[in-house]
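Reading through the structure tokens given below for one structure.
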Amino acid sequence: MDASLDDLLAPLNEAQRQAVLHFEGPALVVAGAGSGKTRTVVHRVAYLLRHRGVYPTEVLAVTFTNKAANELKERLVHLVGPAAKEVWAATFHSAALRVLRAYGEHLGLRPGFVIFDEEDQETLLKEVLKEMGLEARPGPIKAFLDRAKNSGKPLEAFFQEAPEYVAGLPKERLRALLARYQEVLRAQGAVDFGDLLLLALELFERHPEVLKKVRQRARFIHVDEYQDTNPVQYRFIRLLADEKTPNLVAVGDPDQSIYGFRAADIRNILDFTRDFPGAKIYRLEENYRSTEAILRLANAIIAQNQARLEKTLRPLRKGGEPVRLFEATTAREEAQFVAQEVARLGPPYDRYAVLYRTNAQSRLLEEALRLSGIPAQVVGGVGFFERAEVKDLLAYARLAVNPLDALAFRRAVKTPPRGLGQTTLEMIQSMDLPPLEALRALPLKGGQARSKEAFLRLMEELSALVEGPAEAFFRHLLSATDYLAYLEGAYRDHLDRRENVEELLRAAKEAGSVQAFLDRVALTASADQEAASPAGEHRAASPAGEHREKAGLSGKVRLMTLHNAKGLEFPVVFLVGLEENLLPHRNSLARLEDLEEERRLFYVGVTRAKERLYLSYALEREVFGKREYTRMSRFLEEIPKGLYEAYDPRPASPGLPPPPSRREDPEGVFKGGERVYHPKFGPGRVVAARGEEVTVHFEGIGLKKLHLRFADLRPL
DNA sequence: CCTAGTAACATTTTT
DNA sequence: TGTTACTAGG
């Protein structure tokens, strides 16, 4: 661990070296896609620690995902040794949470406060709407609330600027509604996502002694993806960066700003030198990642944007495969094209990523890949922690940690069903007591009385376990509620759900305490999943890479939204759905700034590719089960011809035949041993067939009993 | 109280 | 199309 400075600088180019050697004062690193940003960041922190006498406990590195934070630490440990574990690497939200867990009582936050996820947030809004006798959709209200909280403006100021009607509610009603929402939220000992940063700011502003302490932990601040910071995050950093000598290094790329809907303000990065006078600027424009063909396309795309700083990525990898464009007749055909092309190029499959604008597009792609027997994994979408069975169990944990959590209480009481239902819950809600106390006070008879006692006893047992390891907590919960038996009775696919429960136990074991586990759950993003990791060489050698190997995730095609692809790279990228109304999305056509953000999204997608890039669109696509005719994206039209070529592999090797149609007369047509295909479970073999009931073995899934009347089972 | 069936709704992106 | 919200009947 005593290697010289030369070793640290050797793998870097001149611009990177300059940035790495930056010591005190503000600096902006404008790092184009694939310009070795992560390496520069890691080496710079290593430089501070190794050669500038900075203590690990003085460094705060804010990253975009928790996974990025962990990787940063791992690589630092690799460079400077285990002491680097003390570096504070976190997302804005987990950093804020940590501050609140440590000092939140100054604001009157209860120690066990929970974080409500989006679903909880909407549920609560629905309740408040009902309570106030208002008719409106919670979705748009939630969007308004989030924007308000992310804007960093006082709620009053935000209301001033808001239109007279939001989500069909007059402004004044909305104001009252949100005030009530906030009140109920706190009464339940909860905060929502947007609150995390706001509360941290409030803490800093009202308690200078706390700010002073946190500043000591953040004498050298590093912010990644700075182009995607919003005003609240900006203020958070502003407060932490000491005025006299703000040792702040911001890294980002204005061309990759894609979170406008989350109030990210691209001006934060554009105005950096004004905000932090004397800031040094370092530009990384040499691209190590992509071939020249890919980069020329990327440069042509982004050059169409008006609002940007001139910047051109210089390719280090000359030539390369041409970028190919495929026109499909239908979205299904587009998906089959992807599968066919992956099959043609062959394994290892983690070289491939399929990127799309909306989550809904994943379904066809997943199906097509499965039909071709290609292992694939959707990153994001319905996350692990959003599965019903996982949320059920988490409800108990939440309630044990925070008895005021009425939402968790309701979920816990209802599942598994235990003889306390709708009516009882409504009574409890009307009682204006913490839910458990209300239940205790409720006079019940017979079976219900027994159910009540049993539930209260269970919660007491769980409370006793709540300070211990999370794993023990959940194991007790599982046996006390006989939860697995409940799953078996309630769900056809209980085996899958059982596996999710086991996964939860593993995650709990890793997290330690119940509180830590819940926090981690709340702040784990889809991009934090193991499966999100790219197949880059340097990472494949890391410990995380080995772990993936064992988990069997290394050999899978990754499917994800363009947003989730940020920061990743793949040898082969398919960018699908390049259609008007999809990319650019129909909701982003009205305003130029939105349109330009869509273009940046396209740019981000293109720059993920290292060797090969496929673009595609379909002339026909189903939306809500209704057929829609589409048109090629304007982003493709505006690219000079010659930067990509039309491609159609079909004449040479005929595409997969359309899926066989369902049999007309279901009864008795499947025979034992027959190969069949199920849209959800994929290919399988019939084990037994009795009338309408067929037992099928699916690869990697196991036995499933299916009713032909319902299951869309097709012969293969 | 619970379940199964039907009606209504939803998709832009996410820490 | 897939999921959730609501209702009637057991």
Side-chain angles (χ1 to χ4, degrees), chain A residues 62-69 90-97 115 117-119 121-123 126 137-140 142-143 146-147 149-150 192-197 225 228-230 232-233 236 257-264 331-332 355-364 367 379-383 386 388 413-426 444 446-448 451 489-490 522-528 560-566 577 581-589 594 597-598 600-602 604-605 621-628 679-680 710 712:
Chain A
V62 181
T63 56
F64 207 67
T65 62
N66 293 293
K67 184 166 75 74
T91 63
F92 274 107
H93 288 87
S94 39
L97 178 61
I115 302 158
D117 66 16
E118 263 169 302
E119 198 185 321
Q121 223 181 332
E122 261 189 44
T123 309
K126 265 186 239 169
R137 298 242 223 79
K142 182 185 161 302
D146 286 344
R147 257 182 292 133
K149 287 187 173 178
N150 282 327
D192 64 21
F193 236 86
D195 282 339
L196 285 173
L197 280 156
E225 307 286 5
D228 280 321
T229 51
N230 64 36
V232 179
Q233 295 166 333
F236 186 85
S257 168
I258 54 174
Y259 280 94
F261 67 94
R262 225 161 63 188
R332 177 175 298 267
L355 311 181
Y356 38 80
R357 176 69 236 263
T358 68
N359 283 307
Q361 290 169 259
S362 69
R363 222 188 67 248
L364 282 176
E367 202 179 312
V379 178
V382 180
E386 289 152 50
V413 167
K414 279 202 280 199
T415 43
R418 49 166 58 76
L420 300 170
Q422 190 83 32
T423 327
T424 320
L425 285 169
E426 270 166 29
L444 292 172
Q448 285 197 316
S451 301
L523 297 182
T524 293
S526 45
D528 289 325
M560 67 187 94
T561 62
L562 287 163
H563 284 89
N564 271 330
K566 182 159 99 159
N581 293 322
L582 203 48
L583 188 74
H585 194 271
R586 45 164 51 83
N587 298 352
S588 304
L589 302 176
D594 290 346
E597 180 157 312
E598 296 287 305
R600 290 194 290 270
L601 213 38
F602 184 25
V604 166
R621 181 178 296 276
E622 284 194 355
V623 181
F624 294 148
K626 271 216 304 279
R627 189 189 301 184
E628 252 184 35
K680 188 148 186 190
F710 313 114
D712 188 6

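Nothing here was measured: the structure is a model prediction, and the numbers come from that model. Here is the naming used below: chain letters follow the sequence lines, and residue numbers restart at 1 for every chain.
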Nucleotide of B:dT12, B:dC1, B:dT15 approaching A:Asn587 most closely (side-chain heavy atoms): B:dT12
Pair A:Phe261 and A:His563, ring centroids less than 6.0 Å apart: yes
Closest-nucleotide ordering on DNA chain B, the 5'-leading residue of A:Asp146 and A:Val623: A:Val623
Verify stack between A:His585 ring and B:dT12 base, 5.5 Å, 30 degrees: yes
Contact nearer the 5' end of DNA chain B, comparing A:Pro417 with A:Asn230: A:Pro417
Separation between CD of A:Glu386 and CG of A:Asp117, rounded to the nearest 0.5 Å: 7.0 Å
Nearest-angstrom distance from the residue atom CZ of A:Arg262 to C1' of B:dT14: 5 Å
A:Phe64 CZ - B:dT13 C1' separation (whole Å): 11 Å
Closest heavy-atom pair and its distance - A:Gln448, A:Leu420: O-CD2, 4.0 Å
Under 3.5 Å: donor-acceptor pair, side chain of A:Asp146, backbone of A:Ala143: no
Between C1' of B:dT14 and CG of A:Leu197, the distance in whole Å: 14 Å
Sugar-phosphate, base or nothing in reach of A:Arg586, heavy atoms under 4.0 Å: nothing
Sugar-phosphate, base or nothing in reach of A:Glu597, heavy atoms under 4.0 Å: nothing
Side chain of A:Phe193 (C-beta onward), nearest among B:dT15, B:dT3, B:dT14: B:dT15
Sugar-phosphate only, base, or nothing, as touched by A:Arg627 at under 4.0 Å among non-hydrogen atoms: nothing
Sugar-phosphate, base or nothing in reach of A:Ser94, heavy atoms under 4.0 Å: nothing
Given B:dT12, B:dT11, B:dT15, the nucleotide with the shortest approach to the side chain of A:Arg357: B:dT12
Integer-rounded Å distance: B:dT15 P and A:Asp228 CG: 12 Å
Heavy-atom donor-acceptor pair, A:Arg357 side chain to A:Leu562 backbone, under 3.5 Å: no
Sugar-phosphate, base or nothing in reach of A:Lys126, heavy atoms under 4.0 Å: sugar-phosphate
Touch class at under 4.0 angstrom, heavy-atom based, for A:Asn359 against every strand present: sugar-phosphate
Nearest-angstrom distance from the residue atom CD of A:Glu225 to C1' of B:dT14: 14 Å
A:Gln233 CD to B:dT15 C1', straight-line distance once rounded to whole Å: 8 Å
Sugar-phosphate only, base, or nothing, as touched by A:Phe92 at under 4.0 Å among non-hydrogen atoms: nothing
Per A:Gln448 side chain, nearest of listed nucleotides B:dT15, B:dT12, B:dC1: B:dC1
Closest to the A:Arg363 side chain, choosing from B:dT12, B:dC1, C:dT1: C:dT1
Nearest-angstrom distance, P atom, C:dT4 to B:dT13: 15 Å
Sugar-phosphate only, base, or nothing, as touched by A:Arg600 at under 4.0 Å among non-hydrogen atoms: nothing
Atom pair distance, as rounded to whole Å: NZ in A:Lys626 and C1' in C:dG2: 15 Å
side-chain N/O A:Thr423 vs B:dC1 OP1/OP2, d < 4.0 Å: yes
Aromatic stack A:Phe624/C:dT1: centroid gap under 5.5 Å, interplanar angle under 30°: no
Under-4.0 Å salt bridge between A:Glu225 and A:Arg262: no
A:Thr561 side-chain N/O to B:dT14 phosphate OP1/OP2 under 4.0 Å: yes
Touch class at under 4.0 angstrom, heavy-atom based, for A:Leu420 against every strand present: sugar-phosphate
Length of the line joining A:Lys149:NZ and B:dT14:P, which is rounded to integer Å: 21 Å
A:Thr358 side chain to A:Gln361 side chain, donor-acceptor N/O pair below 3.5 angstrom: yes
